[in-house]
Amino acid sequence: MTTALRPDTAGRPPAEPAGQPYVYRRRPLTEPDWRRFPGWRDVTTADWESAQWQRAHCVKNVRQLRAVMGDLLDEGFYADLERDQRERATMSMLVPPQMLNTMDTASTEAFYADPVRRYMIPVHSDRRTDWPSHPYATRDSLHEAEMWAVEGLTHRYPTKVLAELLPTCPQYCGHCTRMDLVGNSTPTVDKHRFTIKPPDRHAAMLDYLRRTPGVRDVVVSGGDVANLPWPRLESFVDALLDIDNIRDIRLASKALMGLPQHWLQDEVRAGMERLAGKANRRGVQIAIHTHVNAARSVTPLVARAARAMLDTGVRDVRNQGVLLRGVNDTPEELLDLSFALLDEAAIMPYYLYMCDMIPGSEHWRLAVWEAQRLQHAIMGYLPGFATPRIVCDVPYVGKRWVHQLAEYDRERGISYWTKNYRTGIELADPEALNRRYEYYDPIHTLPESGRAWWRDLPDLQADPTATRD
């Protein structure tokens with residue numbers, strides 16, 4: 001007796017194909033024409049591809065946005081933006097021409113709906129009016145400053161550290177997790193400041209790493225390393241390469257997407273070749289991590305910059321996006337982004353972080369259950385090595401895949417997480433590995449019973465939108 005591999009369908013009408021939830025189509029990259037902006041009508045290709053020109057023409061305020069946009073936007077948009085800058089914004093405005101050029105300017109409505117605009121140029125009408133901030137939102141939502149081994153060097157994980165070399169970026173994202181430190185102060189947020197001069201801070205970081213052989217992995221960040229003069233960045237990374245226990249170095253730069261012209265400069269490419277060559281001789285891995293949230297941000301210039309870095313000999317260029325409502329919160333948007341990165345720019349989709357619990361972020365944040373659904377929906381389309389993991393960065397815990405929670409109260413939107421290591425401030429805490437740590441869904445995603453529970457909390461009666469410092 002034999003068993004057929006397919007059931008006998010003789011005599012049956014052919015079944016109609018149901019189709020796949022997502023259909024892959026390769027989409028070659030395009031660089032939008034910046035000359036459609038009235039303010040950039042006469043900008044040459046040479047100027048556009050100049051890092052100096054890009055930096056000099058960043059949009060920093062409403063007046064400059066008007067000058068670039070001309071009559072492309074209605075007056076109501078500018079009023080909406082000005083109100084947000086006065087009343088809600090945690091980040092000052094800084095948008096490179098490269099990023100503005102990827103936004104949809106077909107109409108005011110299209111600009112409002114554009115995913116890049118939503119997080120780079122937030123407006124007051126974007127924000128929620130019921131819970132603009134979660135009651136437990138904090139300026140330093142991941143408590144990184146509490147875990148500084150020396151100023152700017154966060155030692156949270158046993159074998160990894162974060163080196164914040166500087167507090168500025170070439171572009172300021174509205175959802176920045178380091179909004180307490182990075183960028184200029186806004187009417188609602190007085191930024192904290194480093195107190196030690198940069199050369200002394202950097203030297204203290206290197207000294208700590210020489211004295212701490214248990215650390216093998218350094219994320220060099222800020223801010224954005226593209227804002228550090230190249231000789232200073234190269235000197236710091238070169239010194240890291242002289243420390244025997246350092247085996248992985250990751251340079252964090254959203255500017256690979258926001259200002260790819262920087263990474264295409266001769267000085268930067270030559271310097272990266274020197275660093276990559278030294279790393280290869282020592283058997284150390286150097287990678288570049290960037291931050292792309294929407295497929296439309298991946299342009300030919302971004303692809304050129306990524307490939308230029310790979311050509312220098314770095315191990316990889318990887319993307320760490322942030323999951324944001326209205327930006328990339330559907331399976332189609334996440335898969336389009338991942339395929340654009342992987343197929344057209346040689347950038348590895350790596351992580352998608354849930355938006356951190358900073359003030360003013362509730363309109364961006366998703367609930368854990370929503371993130372879990374998205375992770376399930378994108379599985380099976382990409383190669384396993386290029387399927388981004390959606391992670392929740394749990395305060396006092398660190399990155400956890402969204403399915404790793406220990407318990408979940410969906411009604412009140414409270415998830416509970418555990419960990420298997422002590423942070424730098426818990427080395428003497430015997431309960432650190434037994435404790436459960438909480439993370440909170442946006443209140444507007446809860447059922448009415450859950451929303452009522454939060455409204456009725458006694459310490460929230462005076463001000464339901466108050467946040468903790």
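Everything numeric in this text was worked out from a predicted model, so none of it was measured. These numbers come from the heavy atoms of this one structure, side chains and all, not from hydrogens, waters or symmetry mates.
The six-membered or imidazole ring of F111 lies near that of F77, with a centre-to-centre distance under 6.0 Å. Between W148 and F194, the distance separating the two ring centers is shorter than 6.0 angstrom. Within the 6.0 Å centre-distance limit, the rings of W48 and W34 are counted as a close aromatic pair.
In this structure a side-chain-to-backbone donor-acceptor pair under 3.5 Å is missing from R400 to W417. Although no hydrogens or angles enter the test, the distance criterion places no donor-acceptor pair under 3.5 Å between the side chain of Q261 and the main chain of S50. With hydrogens and angles disregarded, a donor-acceptor distance shorter than 3.5 Å links the side chain of R118 to the backbone of G326. Looking at R365, its side chain does come within 3.5 Å of a backbone N or O of Y440 through a donor-acceptor pair. The backbone N or O of M379 lies less than 3.5 Å from no partner atom in the side chain of T387, so there is not a single donor-acceptor pair. Of the possible donor and acceptor atoms, none in the side chain of T212 sits under 3.5 Å from a partner among the backbone N and O of L209.
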(Q) Is there a salt bridge (charged side-chain N to carboxylate O under 4.0 Å, His left out) between K419 and E426? Walk through the geometry before answering. (A) CA-CA 12 Å; K419 61 183 179 181; E426 298 168 321; 2.5 Å; yes
Q: Take H57 and Q54 through the side chain to side chain donor-acceptor pair (under 3.5 Å) test and state the conclusion after the steps.
A: CA-CA 5 Å; H57 291 84; Q54 288 276 330; over 6 Å; no
Q) Yes or no on side chain to side chain donor-acceptor pair (under 3.5 Å) for T195 and E151, after CA distance, side-chain angles and deciding distance? A) CA-CA 8 Å; T195 60; E151 188 178 70; 2.7 Å; yes
Q.
Would Y351 and H289 count as a side-chain contact (heavy atoms from CB on, under 4.5 Å) here? Give the steps.
A. CA-CA 10 Å; Y351 275 152; H289 284 195; over 6 Å; no
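Classification of K278 and E234 as a salt-bridged pair fails, no side-chain N sitting under 4.0 Å from a carboxylate O.
Within 6.0 Å of atom NE2 in H403, more than 12 heavy atoms from other residues, nucleotides or ligands are found, so the atom counts as buried in its surroundings. Within a 6.0 Å radius of CD in E332, more than 12 heavy atoms belonging to other residues, nucleotides or ligands are found. Around atom CZ of R232, no more than 12 heavy atoms belonging to other residues, nucleotides or ligands sit under 6.0 Å away. Residue R274 qualifies as enclosed at atom CZ: its count of foreign heavy atoms under 6.0 Å is above 12. Annotation: D266, atom CG; neighbour count of heavy atoms from other residues, nucleotides and ligands within 6.0 Å does not exceed 12.
With V95 as the partner, the side-chain contact (heavy atoms from CB on, under 4.5 Å) test is satisfied by one option alone out of R117, K60, M103: M103. Of the listed residues (N293, V327, T177, V292), just one forms a side-chain contact (heavy atoms from CB on, under 4.5 Å) with V322, and that residue is N293.
The nearest pair of heavy atoms linking T312 to A276 is O-CB, 3.3 Å. In terms of heavy atoms, I286 sits closest to M272 at CG2-CE, 4.4 Å.
Residues passing the salt bridge (Lys or Arg N to Asp or Glu O under 4.0 Å) test with R250 are D217, sequence neighbours excluded. In this view, H175 and Y119, H291 satisfy the ring pair (Phe, Tyr, Trp, His ring centres under 6.0 Å) rule, not counting sequence neighbours.
Between Y437 and Y396, the ring-plane angle classifies as tilted under the 30° and 60° cut-offs.
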